[in-house]
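Along the sequence shown, residues carry numbers from 1.
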Amino acid sequence: MRNNQNLKYICRALELCDEDIVEIMRLGGSDISKSRANGFRRGAGKYRKPDHGAHNPQELERRMKIMSDDEFDAFCAGLVEYYATTPPN
């Protein structure tokens with residue numbers, strides 16, 4: 001969860017959106033979806049009802065996605081590449 005918090009700080013400081021995170025992760029060698037990027041930035045207490053085809057509709061699905069150390073390393077490596085080719089705002 002520490003990786004998620006660090007990602008939030010970086011995204012806030014650099015004004016990065018989900019699309020930017022996806023591109024940065026791709027540059028760092030890790031392909032993720034926009035939905036997963038959004039999940040990295042959600043709080044630990046965020047849940048939603050699962051899709052209609054879920055096994056138990058009473059259970060809640062966690063919206064937050066925990067960022068692994070490898071994913072955070074890919075983000076950091078991609079961030080260097082991203083700003084080498086994309087000037088900051």
Side-chain angles (χ1 to χ4, degrees):
M1 296 251 299
R2 184 74 182 156
N3 292 336
N4 292 64
Q5 191 62 45
N6 289 336
L7 176 74
K8 287 180 197 178
Y9 291 142
I10 293 167
C11 289
R12 192 173 307 133
L14 299 176
E15 298 179 356
L16 299 174
C17 64
D18 293 339
E19 291 86 1
D20 296 329
I21 296 170
V22 170
E23 176 64 13
I24 289 167
M25 294 290 289
R26 187 190 64 74
L27 291 171
S30 180
D31 288 327
I32 64 165
S33 66
K34 184 179 170 188
S35 173
R36 184 157 180 82
N38 183 271
F40 288 155
R41 299 191 321 160
R42 293 206 174 259
K46 302 296 181 188
Y47 293 89
R48 70 177 181 147
K49 291 182 180 179
D51 296 333
H52 296 297
H55 179 62
N56 184 353
Q58 301 302 326
E59 293 180 9
L60 295 177
E61 180 181 316
R62 178 186 234 175
R63 295 188 82 180
M64 179 200 178
K65 305 297 183 203
I66 296 175
M67 184 178 228
S68 70
D69 289 341
D70 288 340
E71 288 171 320
F72 188 71
D73 290 345
F75 175 79
C76 291
L79 191 61
V80 172
E81 183 70 24
Y82 184 77
Y83 277 105
T85 59
T86 307
N89 298 338

Residues which pass side chain to side chain contact (heavy atoms under 4.5 Å, CB included) with Cys17, listed by chain and number, not counting sequence neighbours: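 Cys17: side chain to side chain contact (heavy atoms under 4.5 Å, CB included) contacts with Glu19, Asp20.
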
By side chain to side chain contact (heavy atoms under 4.5 Å, CB included) - contacts of Asn4 (at least two apart):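 With neighbours one apart ignored, the set is Phe40, Met64, Ile66, Met67.
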
Looking at [atom1] of [X] and [atom2] of [Y], how far apart are the two atoms once the value is rounded to the nearest 0.5 Å?
X: Leu27; Y: Tyr82; atom1: CG; atom2: OH; value: 9.0 Å
X: Glu23; Y: Arg26; atom1: CD; atom2: CZ; value: 4.0 Å
X: Gln5; Y: Met1; atom1: CD; atom2: CE; value: 8.5 Å
X: Leu14; Y: Ile24; atom1: CG; atom2: CD1; value: 7.5 Å

May I ask you to test the Ile32-Lys65 pair for a side-chain heavy-atom distance under 4.5 Å?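 With C-beta onward as the side chain, the pair stays apart.
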
Minimum heavy-atom distance Arg41-Ile21, with the two atoms named: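 Heavy-atom minimum between the residues: CD-CD1, 3.4 Å.
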
Going by side-chain hydrogen bond (donor to acceptor under 3.5 Å, both in side chains), name the residues that satisfy it together with Glu81, two or more places apart in sequence or in a different chain.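 Partners of Glu81 by the side-chain hydrogen bond (donor to acceptor under 3.5 Å, both in side chains) criterion come out as none, since no residue qualifies.
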
Would you give me the side-chain donor-acceptor pairs under 3.5 Å for residues 69-80, sequence neighbours excluded?
from, atom 1, to, atom 2, distance (Å)
Asp69, OD1, Asn3, ND2, 2.8
Glu71, OE1, Arg36, NH2, 3.3
Glu71, OE1, Ser68, N, 2.9
Glu71, OE1, Ser68, OG, 3.3
Glu71, OE2, Arg36, NE, 3.1
Glu71, OE2, Arg36, NH2, 3.1

